[in-house]
Amino acid sequence: MPSSRFSLGRITLSCATLVCCGVAAWAQTANAPLAFTGADRRPALSLNGDWASIVDPYFSGLFSFHHEEKKNGWFLNRKAQPNDTGPTEYDFDKAPKLKVPGDWNTQRESLFFYEGPVWYQRNFTYQPQEHSRAFLHVGAANYHSWWWVNGKKVCEHEGGFTAFNCDVTEAVHPGDNFIVAAVDNTRREDNVPTLETDWWNYGGITREASIITVPNTFIDQYDLHLSRTQDGVIEGWTHLTGAGAGVPVEVEIPELHAKAQAATDANGKAAIHFTVSGLERWSPEHPKLYAVKLRTGADSIDEQMGFRTIETRGTQILLNGKPIFLRGISIHAEAPYRTGRAWSDKDAETLLGWAKDLGCNFVRLAHYPHDETMQRAADRMGIMVWSENPVYWALKFDNSQVYDKASQQLEEEIGTLRNHASIVLWSMANETPSNPARTDFITRLAAKARELDGSRLITAALLVRAQGNTKIVDDPLGKVLDVIGVNEYIGWYEAHPETADVTQWDIRYDKPLIVSEFGGDAKAGLHGSDNQRWTEEYQANIYRHQIGMLNRIPQLRGMSPWILMDFRSPNRPLAGIQDEFNRKGLISDQGEKKQAYYILQKAYKEGAVGKPE
Ligand code: GCB
């Protein structure tokens with residue numbers, strides 16, 4: 001990917017100028033970042049912990065063409081020398097620290113609202129191994145990041161919520177090494193997501209970082225799932241980097257005494273197809289995971305995987321061939337109790353533990369792919385997942401570069417997370433305006449998702465039209481989805497909670513419907529009457545009337561009200577109530593359960609909402 005900064009151009013320079021000034025080093029092409037399945041199962045040298053940080057709002061560490069003395073760029077990590085022709089005006093050794101993983105906004109008060117570039121640097125000791133390759137693995141860095149190892153550019157990545165891996169084999173050496181990153185969370189119109197969202201634009205290396213070592217020929221991606229059509233058959237493929245045709249690959253599930261052997265084709269891909277007997281299928285009631293060993297030559301990965309099928313039949317959603325209702329809740333990657341971007345096992349277990357306690361068998365992980373710790377926890381805890389691409393609100397749908405960015409993030413999302421049984425739905429988008437450019441954009445994305453993974457269902461959260469008291473679901477995008485998601489806010493952005501009692505639904509598709517959002521704000525501990533906004537009572541009243549209405553939609557197959565926990569958003573400044581939090585949570589950011597929590601819990605636990613057929 002070219003640097004958008006450079007192409008946006010502060011200054012126009014020819015290649016010759018760049019080279020003679022010595023600044024070409026920042027623009028060096030590096031290998032494209034790659035998506036790996038199971039990167040978190042690889043032996044790794046952790047790069048978590050303290051990194052030196054320099055806040056650089058003018059990005060002068062990268063783009064100073066004017067001052068000769070800055071020409072080398074901060075990625076070289078130079079030390080000031082007495083005979084320097086000009087002063088070196090940065091020093092990572094003296095710079096304050098930021099923790100990785102972690103957003104910078106909640107680590108340093110002065111960075112709370114900051115949007116722009118920040119430099120990161122740390123040292124590490126590494127011993128390269130023979131016949132091996134080394135990759136920098138980054139769980140996520142929001143939004144645009146550039147990476148150098150020992151002054152050599154190793155990659156550049158766009159997208160704030162997907163994991164990527166950069167080949168650093170040629171850049172690392174035995175012993176002491178250093179790594180420098182520039183991370184820029186500036187919002188731009190032609191980014192995905194675009195300028196406006198309803199969540200905090202947390203910047204930084206927000207998820208774990210490490211150096212992983214793999215053999216020269218290694219398994220970079222795999223897809224193993226239960227066949228929908230052949231009983232007891234596990235099918236899929238593994239892909240090897242560095243392999244031509246005829247390289248043997250083995251997949252083994254020791255507990256089932258089952259083993260598949262295959263060989264790669266000319267593209268390094270090996271088709272897997274084997275029959276297992278006695279398989280216990282993964283489900284919310286029985287989230288059985290098997291140890292799965294993938295092997296080829298010197299490489300092996302030890303996985304924990306569940307096996308299940310997910311499909312639709314008419315207006316039903318079938319899990320393992322049986323109709324199911326998705327009792328869900330939406331979740332943002334906001335860290336419980338401490339706020340900031342969630343990333344840890346503990347964050348995942350707290351959030352999903354609340355969802356379980358609520359009676360959920362399903363969560364919508366909005367509005368971007370969450371950290372893989374969430375999917376691993378959902379696999380273990382038996383919670384089905386809706387995973388979402390950050391195509392949110394009004395992107396520049398007529399811009400082909402924006403499409404490429406969305407498509408790249410979708411490829412990274414599926415490439416990284418396709419090994420999780422918990423994920424049943426890939427969501428293409430949230431609340432996009434209905435127009436031909438948008439429909440074409442998301443239709444192409446949906447086709448891409450199906451090509452990458454034909455074993456799951458495709459959805460999107462759509463807007464609905466209103467005619468009097470009737471809600472009409474006829475967005476043309478519905479044609480390309482397996483499951484229709486719709487968001488509506490009766491009782492909050494429109495009308496009164498009681499309006500739900502007289503609302504009719506006219507759904508123009510014979511497909512399963514999930515109401516992917518409804519809700520209203522309440523400040524935990526604020527009490528009043530049922531019709532007093534911002535109180536817990538008002539929010540609870542919305543839930544009571546919504547549940548009544550939803551039960552009258554014959555093809556309703558799931559719901560994920562908005563939202564499990566309050567989350568930070570700069571769109572929500574109402575002092576004393578919101579204080580920069582969206583307060584639609586059923587639980588406050590400090591873990592206080594609001595009345596509506598118990599309304600939904602009762603409905604879910606008593607089976608008072610939703611029938612699978
Ligand atoms: C929506 C959006 C969600 C917002 C929510 C709200 O429709 O999909 O991202 O946070 O409404 O609270 O307004």
Side-chain angles (χ1 to χ4, degrees), residues 142 160-161 187 191-202 328-334 339 341-342 351 363-370 386-395 406 425 427-434 438 442 459-466 471 473 475 477 481 484-495 497 500 513-524 533-536 538-539 542-543 546 550 558-574 577-589 594 596-597 600:
N142 190 30
F161 302 98
R187 285 167 299 115
N191 281 354
V192 180
T194 181
L195 292 173
E196 197 194 2
T197 67
D198 185 26
W199 66 83
W200 208 270
N201 180 27
Y202 291 121
I329 190 73
S330 295
I331 301 182
H332 253 299
E334 184 83 30
T339 75
R341 180 76 71 230
L351 292 166
V363 290
R364 174 184 180 206
L365 300 184
H367 282 301
Y368 38 74
H370 286 216
W386 156 318
S387 181
E388 190 155 305
N389 200 26
V391 174
Y392 183 88
W393 290 353
L395 295 193
L425 288 156
S427 167
M428 299 298 104
N430 177 71
E431 287 186 0
T432 51
S434 177
R438 182 291 315 240
I442 297 176
T459 191
L462 306 178
L463 292 162
V464 289
R465 253 176 351 110
K471 295 279 179 208
V473 181
D475 186 320
L477 208 50
L481 305 177
I484 315 275
V486 293
N487 297 352
E488 52 86 7
Y489 280 91
I490 299 167
W492 189 252
Y493 294 122
E494 53 173 304
L513 183 94
I514 293 180
V515 173
S516 36
E517 289 182 27
F518 71 82
D521 288 58
K523 186 170 163 64
R533 274 185 187 262
W534 309 108
T535 63
E536 289 195 29
Y538 189 97
Q539 187 192 40
I542 291 180
Y543 272 71
Q546 283 277 345
L550 296 180
M559 53 196 258
S560 51
W562 196 252
I563 185 167
L564 181 68
M565 191 190 81
D566 293 352
F567 59 96
R568 285 195 190 276
S569 169
N571 291 348
R572 312 292 174 176
L574 183 62
I577 302 266
Q578 293 177 308
D579 301 312
E580 275 90 28
F581 277 90
N582 183 314
R583 297 282 182 206
K584 293 188 186 69
L586 296 177
I587 305 178
S588 78
D589 54 290
K594 306 178 194 174
Y597 181 93
L600 187 63

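Start at 1 and go down the list; that is how both ligands and their atoms are numbered.
No hydrogens or angles considered: a donor-acceptor pair under 3.5 Å links the side chains of Glu517 and Tyr489. Between the side chains of Asn487 and Ser516, at least one donor-acceptor pair of N or O atoms lies under 3.5 Å.
Note: Phe161 and Tyr368 have parallel aromatic rings, judged against thresholds of 30 and 60 degrees for the angle between ring planes.
With sequence neighbours excluded, the residues that form a side-chain contact (heavy atoms from CB on, under 4.5 Å) with Ser427 are Trp386, Glu388, Thr459. Shown here are the side-chain contact (heavy atoms from CB on, under 4.5 Å) partners of Thr535, two or more places apart in sequence or in another chain: Leu526, Gln532, Glu537, Tyr538. Legend: residues meeting side-chain contact (heavy atoms from CB on, under 4.5 Å) with Ala406, ordered by chain and number and at least two apart, are Val192, Asn389, Val391, Phe441, Leu445.
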Which protein N or O atoms sit under 3.5 Å from any N or O of ligand 1? Give each pair with its distance.
{"residue": "ligand 1", "atom": "7 (O)", "partner": "Glu431", "partner atom": "OE1", "Å": "2.9"}
{"residue": "ligand 1", "atom": "7 (O)", "partner": "Glu431", "partner atom": "OE2", "Å": "2.3"}
{"residue": "ligand 1", "atom": "7 (O)", "partner": "Glu517", "partner atom": "OE1", "Å": "3.0"}
{"residue": "ligand 1", "atom": "8 (O)", "partner": "Asn430", "partner atom": "ND2", "Å": "2.9"}
{"residue": "ligand 1", "atom": "8 (O)", "partner": "Glu517", "partner atom": "OE1", "Å": "3.0"}
{"residue": "ligand 1", "atom": "8 (O)", "partner": "Glu517", "partner atom": "OE2", "Å": "2.7"}
{"residue": "ligand 1", "atom": "9 (O)", "partner": "His367", "partner atom": "NE2", "Å": "2.6"}
{"residue": "ligand 1", "atom": "9 (O)", "partner": "Tyr392", "partner atom": "OH", "Å": "2.6"}
{"residue": "ligand 1", "atom": "10 (O)", "partner": "Asp198", "partner atom": "OD2", "Å": "2.5"}
{"residue": "ligand 1", "atom": "10 (O)", "partner": "Trp562", "partner atom": "NE1", "Å": "3.1"}
{"residue": "ligand 1", "atom": "10 (O)", "partner": "Asn582", "partner atom": "ND2", "Å": "3.4"}
{"residue": "ligand 1", "atom": "11 (O)", "partner": "Tyr489", "partner atom": "OH", "Å": "3.3"}
{"residue": "ligand 1", "atom": "11 (O)", "partner": "Glu517", "partner atom": "OE1", "Å": "3.3"}
{"residue": "ligand 1", "atom": "12 (O)", "partner": "Asn582", "partner atom": "ND2", "Å": "2.8"}
{"residue": "ligand 1", "atom": "12 (O)", "partner": "Lys584", "partner atom": "NZ", "Å": "2.6"}
{"residue": "ligand 1", "atom": "13 (O)", "partner": "Tyr493", "partner atom": "OH", "Å": "2.4"}
{"residue": "ligand 1", "atom": "13 (O)", "partner": "Arg572", "partner atom": "NH2", "Å": "3.0"}

